[in-house]
Protein chains: 2
Amino acid sequence: MTQKIQEPLFGVAVIAGVGLIGGSLALGLRQRGLASRVIGYDASPQALEEALALGVIDEVRATPGEWLRSADLVVLAAPVKALLPLARELAPWLSPQATVTDVGSVKMSIAAEMERLGVRQFVPGHPMAGSERGGVQNASAALLENAVWVLAPTETTPLTALSRVRTLVERLGAAPVVMPPEAHDQLVATISHLPYLASLALTHMVARDERLSLLAAGGFRDLTRVASGDPRMSRDMVVENREALREATRRFIRQLEHLADTLDHPDDLLAAATEGKRTRDSLPVVKRSLLPPKFDLVVATPDRPNQLGIITNALGQAGVNIKDIEVLSVREQGGALRLGLETLDDVTRAGELLRELGYETRGRG
Amino acid sequence: MTQKIQEPLFGVAVIAGVGLIGGSLALGLRQRGLASRVIGYDASPQALEEALALGVIDEVRATPGEWLRSADLVVLAAPVKALLPLARELAPWLSPQATVTDVGSVKMSIAAEMERLGVRQFVPGHPMAGSERGGVQNASAALLENAVWVLAPTETTPLTALSRVRTLVERLGAAPVVMPPEAHDQLVATISHLPYLASLALTHMVARDERLSLLAAGGFRDLTRVASGDPRMSRDMVVENREALREATRRFIRQLEHLADTLDHPDDLLAAATEGKRTRDSLPVVKRSLLPPKFDLVVATPDRPNQLGIITNALGQAGVNIKDIEVLSVREQGGALRLGLETLDDVTRAGELLRELGYETRGRG
């Protein structure tokens, strides 16, 4: 069967910021033939060198210039703190026809800046994928597959540009979800940034009393787990979204005050508790985390004995180290297991191994 | 070797409320010969019948009366909501010399009531042990072993009474920790009741927007896990401690507002984030949960490959079902695994099995 070679979606693609996400996007473009040429642009010569050596990009560039004029697609993939300066650096050199997008975790600020800079074909984007380990050496096209990828057009984003980026996202194997930039920022504020602040606040409450930390366990550990994230990354993330986060925090505080009031109205509190349980129990079990997740592999486990033993034993004997493990919703007809592995290689190997044993798996490998 | 038979600590012991904790305490008294006779007192005839049949108690009583006068030890072990009425019911019949204690999760209210009722030798207590499954059929002396057991004497609690209860707790195999009732209630408010309210508030924030629940994962799931607890039990628990909980909520809100302010001062926020990580990372890993834990077994895992596979496989083949599993602080020199099992029997069997394989275990079996 002759495989029909599709015309690439884009001519020259420039990935500005060749880290984990930028690098993965570049690999996706190259492996799926979505661009005729992929140029890497980065402040770090080492990153560029490594990206070239790994075959992530075709060419390296270290300073902006006329060469940018021929870019058909430009992806801003620097860390969130460096995004606006990067936009200002590149904007003067871009062709008015270039499709431009970004991958930052906050959308309103970059959208406003691009509008101010007159970059017309800009589509704010946010692929909800990631890893505890950054860097181009951990990049993989598979990282973006099955990721929810938010596209956040403003009211002036041309629909043709939105359409081009949407197609790109789909062809990379991700799932586009379209919503306004404000809605996106409020969303990530609520489900990612606010939980981080709450977690931090809780840890601070036990920091000065040893009795508290001695006795805290179980539920308290659950609620403070995200406070263990990298402080600098976490700080940059929430500061960039401070407006939406302040608003989300206000709403959260109002909820708390309301619940504190119901302490005098036990029936109302029971209703709230019942509602909360219902909502929590209905959260879908297999989702991408907005916070840096590990390399996860999810395995469907049939309702037969010793599934956990069989699976972990098989991986252990193959030298695949399991960092953490979560039993997901054990039901009568079977359940699922989430395995946190160390590298993308492990995810690939583990997936192959388990599928050979007849298991259904789902992951980034 | 002749085993020296110790004189029992107490004469007649009355367990008022023969549920999981009361029943476990009764079993501990009987199995360790700590009381000459154990009488069960309960509103439910079925509970009494079952307790008698299971050998948890020697005798049943359903109504208060003169028989209470001979009680040397009286333990109030009814659900937290029924504790004060129970105290009022029994108080008129107690001998002034009787040592009285309770096992409720909140201490100030029962301490105040007992003082009002003139029960002099009352020592407020709170064994931090439990299970998702209540009822005397799940009771076991082992449930209380290694539990942290708070004793919360007031300023008028006689030191002789405190000493007697402290000895009781130690002889039951638990670890007494002494602090004032107010301190105890503030503590459980901070590390148990407030996290519950925060968890509930977070779930309410995503309940009305499907996009949020679609995208919430990982960290958000961690922070809302305790909202899945039994609504009625959770409600009763927090309502009983409402004063301390309101205070803890106010402090939490102040922390949140402070953190929201630092969004304009990124260096301060970085310091807070770094502090939070340090505190969270230093939480001890093997602790009892104040929220209903499962039947846990903790296994120390040496730094050798495939420990997870070996352990889970061994248990699986022995028919021990693992409900959930948590990898605790993997360090270079080895780590630990927390296994959530289904019954106390399983904990006992699993412990024996794994110790035979050379593992160190720690649990209630």
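Just so we're clear, the structure is a prediction, and the values are computed from it rather than from any experiment. To find a chain, count down the sequence lines: A is the first, B the second, and so on, and within it residues start at 1.
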Checking A:S234 against chain B: side chain, backbone, both or neither under 4.5 Å from a heavy atom?
neither
B:H265 side chain reached by A:V239 side chain, heavy atoms, under 4.5 Å
no
Flag yes if more than 12 heavy atoms outside A:E182 fall under 6.0 Å of its CD atom; otherwise flag no.
no
Best-contacting candidate, B:M205, B:H258, B:Q186, against chain A by heavy atom pairs under 4.5 angstrom
B:M205
Of all heavy-atom pairs between B:T190 and A:F220, which one has the smallest distance, and what is that distance?
O-CE1, 4.2 Å
Proximal component of A:D268, with respect to chain B [non-hydrogen, under 4.5 Å]
neither
Taking the side chain as every heavy atom from C-beta outward, state whether B:R246 and A:D264 have any pair of such atoms under 4.5 Å apart.
yes
Within the 4.5 Å heavy-atom criterion, are A:T224 and B:T279 side-chain neighbours or not?
no
Would you say B:T312 and A:I311 make side-chain contact, with heavy atoms under 4.5 Å?
no
Donor-acceptor contact below 3.5 Å, side chain A:H204 vs main chain B:E275:
no
Side chain, backbone, both or neither: which part of A:A183 has an atom under 4.5 Å from a heavy atom of chain B?
side chain
Begin with the C-alpha distance, continue with both residues' side-chain angles, and end with the deciding distance and a verdict on side chain to side chain contact (heavy atoms under 4.5 Å, CB included) for A:R235 and B:D267.
CA-CA 9 Å; A:R235 187 275 309 263; B:D267 290 337; 4.1 Å; yes
Please report the interatomic distance CG(B:L200) to OG1(A:T274), rounded to the nearest 0.5 Å.
9.0 Å
Between A:D230, A:N241, A:D281, A:L256, which residue shows the highest count of heavy-atom pairs closer than 4.5 Å to chain B?
A:L256
Nearest atoms (heavy-atom pairs only) where B:A273 meets A:Y196
CB-OH, 3.1 Å
Please identify, among A:A314, A:A272, A:G319, the residue contributing the most non-hydrogen atom pairs under 4.5 Å to chain B.
A:A272
Distance-minimising heavy-atom pair for A:L202 and B:P195
CD2-CG, 4.4 Å
If I compare all heavy atoms of A:L223 with all of B:A198, which pair ends up nearest, and what's the gap?
CD2-CB, 4.3 Å
Quick check on B:R232: does its CZ atom have over 12 non-hydrogen neighbours (other residues, nucleotides or ligands) under 6.0 Å away?
no
Member of B:L315, B:I322, B:N321 meeting the side chain to side chain contact (heavy atoms under 4.5 Å, CB included) criterion with A:L308:
B:I322
For B:L259 and A:T249, what are the C-alpha separation, side-chain angles and deciding distance, and is it a side chain to side chain contact (heavy atoms under 4.5 Å, CB included)?
CA-CA 10 Å; B:L259 287 172; A:T249 304; over 6 Å; no
CD of B:Q255 to CG of A:L197: how many Å apart, nearest 0.5 Å?
11.0 Å
Do you know which of B:L263, B:L194, B:T203 has the most heavy-atom pairs with chain A at a distance under 4.5 angstrom?
B:L263
From the list B:I310, B:V320, B:L269, B:D236, the residue making the most non-hydrogen contacts under 4.5 Å with chain A is B:L269
With chain B as the partner, which of A:G229, A:G316, A:S228, A:A260 has the greatest number of non-hydrogen pairs under 4.5 Å?
A:S228
Name the option with the most non-hydrogen atom pairs under 4.5 Å to chain B; the candidates are A:A318, A:A248, A:A227, A:A271.
A:A227
Could you check A:I253 against B:R254 for side chain to side chain contact (heavy atoms under 4.5 Å, CB included), going step by step and ending with a plain yes or no?
CA-CA 10 Å; A:I253 287 175; B:R254 282 201 294 275; over 6 Å; no
